[in-house]
Novice: 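Sharing a structure below in structure tokens format, with a few things to ask.
Just so you know, ligand 1 is whichever comes first in the structure, and atom 1 is the first atom listed for that ligand. The model shown is predicted, which means the values in this text are computed figures rather than measured ones.
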Amino acid sequence: MSPDFIHTYVSVDCVVFGFDLENRLNILLVQRHVDEIPLERRRKLPGSLIFSNEDVDDAAERVLHELTGIRKMVLKQFKCFADPGRANNEHDITWMGKEYKHHIDRIITVAYLSLCKIDHKINSTKYDNVDWFPIDEVPELPFDHNKIISESLVEIRKWIESDFSIIFELLPKRFTIRQLYQLYSALSEKYIDIKNFHKKISSFNYIVPLDEIEKNVSHRAARYYKFDAKIYKKNNTKLIK
Ligand SMILES: O=P(O)(O)OC[C@H]1O[C@@H](O)[C@H](O)[C@@H]1O
């Protein structure tokens, strides 16, 4: 075989989105625990090299489980990142050497998107530090992880346009229309008038009003709603075309 063909490692990286109480999109970052790397360069996307007998999708599921303790999470493979130089920063080489006891200088990574309710208990079996970061407070990250995150944003927008029901993976089980509006606005780049949004939403029978309203709020208390997946599957309409 020509020596120009690569023998390379393959990894997965997961961008897990959450939506916080201040109506901001967040993502989960983990911390590398290695003294030789400066503190401010230790945060990264959760990821792993894949095992020789493992499918990439299975590796992504494993990473998410090791990250959150949750068995089944919504998961979407969206892109492969294969720049030959993506893993040759000296800190990243040090990290890979410590973590895998190998000199690794080329890794192709397959990136995944996932969604998690931010109030879900994170019970990591692998990482000591797992934290939510608002998307505009994400620090400079190792490898090409900042690039992966910015491409994942484009992807999550497309995903919501093609399957609106995934938005409910990010909302609490009961939510107000304002929360739904704020999440939809944070995700889509278009301006949407709140009154029109309310009108559209009230025509969707899969968004079901509950007999509960907000308590202890300074504004007019809003009603809570829930998403009914069964009704949604029957209609499967897009929210806004
Ligand atoms: O074991 P760790 O370092 O978490 O994962 C392997 C890393 O290797 C790189 O391709 C990835 O970007 C990934 O983050």
Novice: Does Arg86 approach ligand 1 within less than 4.0 angstrom via side chain, backbone, both or neither, non-hydrogen atoms only?
Specialist: side chain

Novice: Among Phe175, Phe197, Tyr191, which residue satisfies the ring pair (Phe, Tyr, Trp, His ring centres under 6.0 Å) criterion with Tyr181?
Specialist: Phe197

Novice: Would you call Lys98-Glu36 a salt bridge at under 4.0 Å N-O?
Specialist: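 Counted as a salt bridge, because a side-chain N and a carboxylate O are separated by less than 4.0 Å.
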
Novice: Can you list the atoms of ligand 1 that are under 4.0 Å from a heavy atom of His145?
Specialist: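 Per the distance check, 11 (C), 12 (O), 14 (O).
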
Novice: I need the atoms of ligand 1 closer than 4.0 Å to a non-hydrogen atom of Met96, numbered in the order shown.
Specialist: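 Ligand 1 atoms under the 4.0 Å threshold to Met96: 3 (O), 6 (C), 8 (O).
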
Novice: Among protein heavy atoms, which lies nearest atom 3 (O) of ligand 1, and at what distance?
Specialist: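 Looking only at protein heavy atoms, the one closest to atom 3 (O) of ligand 1 is Trp95 NE1, 2.6 Å.
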
Novice: Looking at residues at least two apart in the chain, or sitting in another chain, which of them share a salt bridge (Lys or Arg N to Asp or Glu O under 4.0 Å) with Arg157?
Specialist: Glu189

Novice: Are the charged groups of Glu212 and Arg174 less than 4.0 angstrom apart, N to O?
Specialist: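 Yes, this pair counts.
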
Novice: Only one of Arg32, Arg41, Lys44 passes side chain to side chain donor-acceptor pair (under 3.5 Å) with Asp92; say which it is.
Specialist: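 Filter result, single survivor: Arg32.
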
Novice: State whether Lys158 and Glu155 are salt-bridged, where the test is any N-O pair (Lys NZ or Arg NE/NH1/NH2 against Asp/Glu carboxylate O) under 4.0 Å.
Specialist: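 Answer for the salt bridge query: yes.
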
Novice: Considering only the protein, which heavy-atom contact is closest to atom 1 (O) of ligand 1, and what is its distance?
Specialist: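 Going atom by atom, the protein heavy atom closest to atom 1 (O) of ligand 1 ends up being Tyr100 OH, 2.2 Å.
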
Novice: With heavy atoms only and a cut-off of under 4.0 Å, state how Ser11 meets ligand 1: side chain, backbone, both or neither.
Specialist: side chain

Novice: What residue and atom, counting heavy atoms only, is the protein's closest point to atom 8 (O) of ligand 1, and at what distance?
Specialist: Ile107 CD1, 3.5 Å

Novice: Using non-hydrogen atoms of the residue, decide whether Ala87 is closer than 4.0 angstrom to ligand 1.
Specialist: no

Novice: Touching ligand 1 at all, Tyr9? Heavy atoms, strictly under 4.0 Å?
Specialist: no

Novice: May I ask you to list the atoms of ligand 1 that are less than 4.0 angstrom from any heavy atom of Lys44?
Specialist: 2 (P), 3 (O), 4 (O), 5 (O), 14 (O)

Novice: Tell me whether Lys117 is salt-bridged to Glu169, with the criterion being a basic N under 4.0 Å from an acidic carboxylate O.
Specialist: no

Novice: Mark yes or no: Lys226 above the aromatic ring of Tyr224, with NZ or CZ under 6.0 Å from the six-membered ring centre and no more than 45 degrees from the axis.
Specialist: no

Novice: What protein heavy atom sits nearest atom 13 (C) of ligand 1, and how far away is it?
Specialist: Asp13 OD1, 3.2 Å

Novice: Measuring from the heavy atoms of Phe81, does anything fall under 4.0 Å of ligand 1?
Specialist: no

